[in-house]
Amino acid sequence: MQNNSNGIMLFKELVEVFEKLKKTQSRLEKTAIIADFIKNVPPDEMPVVVTFLIGRVFPLWDERKIGIAGQTIIKVISSITYNSESKVIESYKRTGHLGITAEEMFQRRRQAMFFEADELTVMDVNRTFAEIARQAGAGSAAKKQKLLIGLLHRATPKEAEYIVSLAIEYVLSGAKEGVMEEAIAKAFGVDVELVRRANMLTSDLGETARVAMLEGERGLKGISIRPMRPVRPMLAQNVASIQEALEVLGGRADFETKYDGARLQVHKLGDQVRLYSRRLENLTEALPEIVRYVKQSVKADSVILDCECIATDPKTGRPVPFQNILTRLRRIYKVEETEKLFPLFLRPFDILYVNGESMIDLPFIERRRILEQNIMPVDEKCKPATALITDKVEEAQELFDESIKRGNEGLMAKDLQATYTPGVRGRKMVKIKEVLDTLDLAIVSAEWGHGRKAGWLTSFEVAAYDEENDRYLVLGKVASGFSDEQLQEMTERLKPLIHAERGRVVDVKPDVIVEVKFQEIQKSPIYSSGYALRFPRLVRVRDDMSPEEVNTIGRVLNIYDISHGKPARHVGPQPDGCGDNPA
DNA sequence: GATGCCTGCCC
DNA sequence: ATTCTGC
DNA sequence: GCAGAATGGGCAGGCATC
């Protein structure tokens with residue numbers, strides 16, 4: 001885009017499309033609406049229009065961040081509409097959507113002057129977002145707000161709604177990448193699979209649309225995987241058992257340890273190495289030892305590897321808590337010091353590219369062979385993940401048990417014939433995780449929901465009972481696992497129990513008990529118990545239990561101790577089936 | 001210089 | 001991450 | 001079966017504020 005051009009697409013045209021999309025739930029209709037619209041977008045503006053239409057500010061690979069989210073938006077709406085922040089929060093609590101709150105409050109503000117000649121274009125909005133992203137250093141927070149306010153001053157209420165929604169990437173038009181891929185195919189008469197493939201490889205639907213428009217299928221076919229350009233990793237679906245994994249994968253599969261680490265995509269080109277996270281963040285600078293290992297163990301001139309980055313306690317040989325790995329990932333200061341505390345290892349498990357050739361269309365079993373040919377193990381520090389190919393439940397089960405015994409999460413299982421499908425969470429690669437523990441806990445506070453769930457209490461703080469001090473100690477929040485119906489019931493049930501309000505949060509009398517399952521108990525820096533549940537979700541509402549029957553904090557500590565290989569500190573009655581499940 | 005809020009991103 | 005919902 | 005949406009704990013960094 002030329003720097004002096006405002007473009008010809010008006011922002012209000014985009015707003016109209018969003019409004020049409022919201023009116024229908026049908027994917028086919030959404031596809032048709034978008035296809036119709038993007039046919040007439042000038043090629044120069046296509047990347048921005050398409051990026052905005054899927055509710056993003058910048059393409060996925062783009063390292064820029066807008067640095068504005070809910071809290072800032074509340075301030076901005078307050079300042080521009082002359083409402084107090086608490087008024088804005090009040091509206092937000094009701095609408096569950098800051099875009100809609102902006103629209104409402106713009107409606108009510110004294111009518112500002114709109115000049116026909118000064119209508120906002122899509123490129124105006126894009127330029128301001130880019131300018132906001134550029135701000136850094138002292139005073140930048142205020143400057144970001146000022147830029148956004150400047151833009152909103154030129155907006156109609158409806159435009160304000162979508163400027164805000166876009167800024168916080170909360171558009172809710174039901175059209176994300178899946179719909180957009182189909183729309184691009186429809187608009188420009190190209191094969192949808194080619195569009196998907198181009199999007200997988202570039203993570204840039206805007207650019208994909210431009211190519212589809214200008215060069216058609218030939219252009220799309222010309223897009224290829226290449227080192228130093230990150231590709232979205234293939235994702236795994238959950239299955240409940242080894243048996244199910246084998247069924248899904250055709251009776252015979254590759255099983256590998258599932259590590260509790262971070263996904264890492266390793267690119268090597270000549271003597272250059274670059275590391276990307278699952279969301280395509282560049283982590284190279286944070287992980288210098290991984291760069292060294294890659295240089296030592298990969299002889300090929302150019303490769304792209306799919307890996308897990310893990311950490312093991314040198315004394316016990318067991319995996320360190322994920323929290324410790326997290327301290328490494330995006331670190332830019334004290335990198336060396338932290339490396340000494342938590343040195344990382346690399347477990348490559350797939351190969352996408354080697355010496356000028358794409359591997360992604362080869363079957364997994366071929367790629368695995370090529371992977372092993374290309375990795376010279378550096379003792380425990382860098383070696384391919386162990387793999388077992390079997391059609392026997394018992395063999396895989398044995399590997400699973402061993403994985404758990406060693407403190408890992410379970411197993412991954414892979415379809416031997418599957419190609420590498422970037423960005424897809426399909427049933428070609430599945431994960432089998434450990435059977436979980438559960439606790440019966442009291443709800444002590446709740447929070448109002450957003451979007452589709454506005455007007456319901458949708459997130460619930462849960463607590464265990466501290467007998468010694470006759471109080472409840474919080475273990476975190478639970479929101480997953482509730483059906484819409486359960487949420488509505490829960491809202492009605494909790495309303496009469498509310499005894500205090502703090503913004504979007506209400507405190508309630510501990511009277512409702514829920515059974516919650518989780519993967520792990522971890523130390524918490526914020527919750528009053530000092531512990532928190534990892535991946536909490538509802539199993540059932542315990543209508544059969546009274547508040548005195550919730551699990552005690554002693555029980556929680558016991559589960560923590562046992563799962564961390566320590567003797568339990570607390571004795572006392574331990575009902576069957578809980579807390580005796582070593583993780 | 002310490003602290004705390006906010007944002008974005010690991011799982 | 002997990003889970004639910006509707007196409 | 002899949003995409004989309006709504007939600008979890010916890011970390012570092014950036015900035016504002018004290």
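Lettering of chains follows the sequences in order, A, B, ..., and the numbering in each one begins at 1.
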* NA contact type, A:Val179, heavy-atom cut-off 4.0 Å: base, sugar-phosphate, or nothing? -> sugar-phosphate

* So what does A:Tyr170 hit on the nucleic acid, given a heavy-atom distance under 4.0 Å: a base, only sugar-phosphate, or nothing? -> sugar-phosphate

For the pair made of [atom1] in [X] and [atom2] in [N], what is the distance, rounded to whole Å?
X        : N     : atom1 : atom2 : answer
A:Leu275 : B:dC9 : CG    : P     : 17 Å
A:His450 : D:dG8 : NE2   : C1'   : 14 Å
A:Ile66  : B:dT7 : CD1   : P     : 11 Å
A:Tyr560 : D:dG9 : OH    : P     : 17 Å
A:Arg64  : B:dC9 : CZ    : P     : 13 Å

* Think A:Arg537 forms a cation-pi with A:Phe518, using NZ or CZ under 6.0 Å from the six-ring centre and within 45 degrees of its axis? -> no

* Give the B/S/- string for nucleotides 11-18 of chain D, one per nucleotide from 5' to 3', where a protein heavy atom under 4.0 Å of the base yields B, of only the sugar-phosphate yields S, and otherwise -. => BSSSSS--

* Give the B/S/- string for nucleotides 1-7 of chain C, one per nucleotide from 5' to 3', where a protein heavy atom under 4.0 Å of the base yields B, of only the sugar-phosphate yields S, and otherwise -. => SBSSSSS

Please list every donor-acceptor pair under 3.5 Å in which a side-chain atom of residues 197-206 of chain A meets a protein atom from a residue at least two apart or in another chain.
from     : atom 1 : to       : atom 2 : distance (Å)
A:Arg197 : NH1    : A:Ile223 : O      : 3.1
A:Arg197 : NH2    : A:Ile223 : O      : 3.2
A:Asn199 : OD1    : A:Arg232 : NH2    : 3.3
A:Asn199 : ND2    : A:Glu177 : OE1    : 2.9
A:Asn199 : ND2    : A:Glu181 : OE2    : 2.7
A:Thr202 : OG1    : A:Ala198 : O      : 2.7
A:Thr202 : OG1    : A:Asp204 : N      : 3.2
A:Ser203 : OG     : A:Arg232 : NE     : 3.4
A:Asp204 : OD1    : A:Gly206 : N      : 3.2
A:Asp204 : OD1    : A:Glu207 : N      : 3.0
A:Asp204 : OD2    : A:Trp61  : NE1    : 2.9

* Do the ring centers of A:Tyr92 and A:His450 come within less than 6.0 Å of each other? -> yes

* Asked: A:Arg328 and A:Leu344: side chain to side chain contact (heavy atoms under 4.5 Å, CB included), yes or no, with the steps?
  -> CA-CA 9 Å; A:Arg328 295 287 319 273; A:Leu344 299 176; 3.5 Å; yes

* To do: Begin with the C-alpha distance, continue with both residues' side-chain angles, and end with the deciding distance and a verdict on ring pair (Phe, Tyr, Trp, His ring centres under 6.0 Å) for A:Phe58 and A:Phe129.
  => CA-CA 9 Å; A:Phe58 301 120; A:Phe129 284 167; 7.5 Å; no

* **A:Lys477 side-chain N/O to A:Ser459 backbone N/O, donor-acceptor pair under 3.5 Å** => no

* A:Glu308 (side chain) donor-acceptor with A:Gly261 (main chain) under 3.5 angstrom -> yes

* To do: Quick one: sort the A:Tyr162 and A:Phe18 rings into parallel, tilted or perpendicular, breaks at 30° and 60°.
  => parallel

Using the 3.5 Å cut-off, write out each protein N or O paired with an N or O of nucleotides 1-6 of chain B and the distance between them.
from  : atom 1 : to      : atom 2 : distance (Å)
B:dC6 : OP1    : A:Gln71 : NE2    : 3.4

* Pairs where residues 135-148 of chain A contributes a residue and the test salt bridge (Lys or Arg N to Asp or Glu O under 4.0 Å) is met, not counting sequence neighbours -> none

* Structure fact -> Sorted by chain and residue number, the side-chain hydrogen bond (donor to acceptor under 3.5 Å, both in side chains) partners of A:Arg278 (sequence neighbours excluded) come out as none

Between [options], which nucleotide has the shortest distance from any of its atoms to the side chain of [X]?
X        : options              : answer
A:Gln237 : D:dA5, B:dC11, D:dC2 : D:dC2
A:Gln522 : D:dA6, D:dG9, B:dG8  : D:dG9
A:Lys65  : D:dG9, D:dA5, B:dC9  : B:dC9

* Asked: When you look at A:Leu329 and A:Ser277, which way does the side chain to side chain contact (heavy atoms under 4.5 Å, CB included) test go after all the steps?
  -> CA-CA 9 Å; A:Leu329 297 185; A:Ser277 70; over 6 Å; no

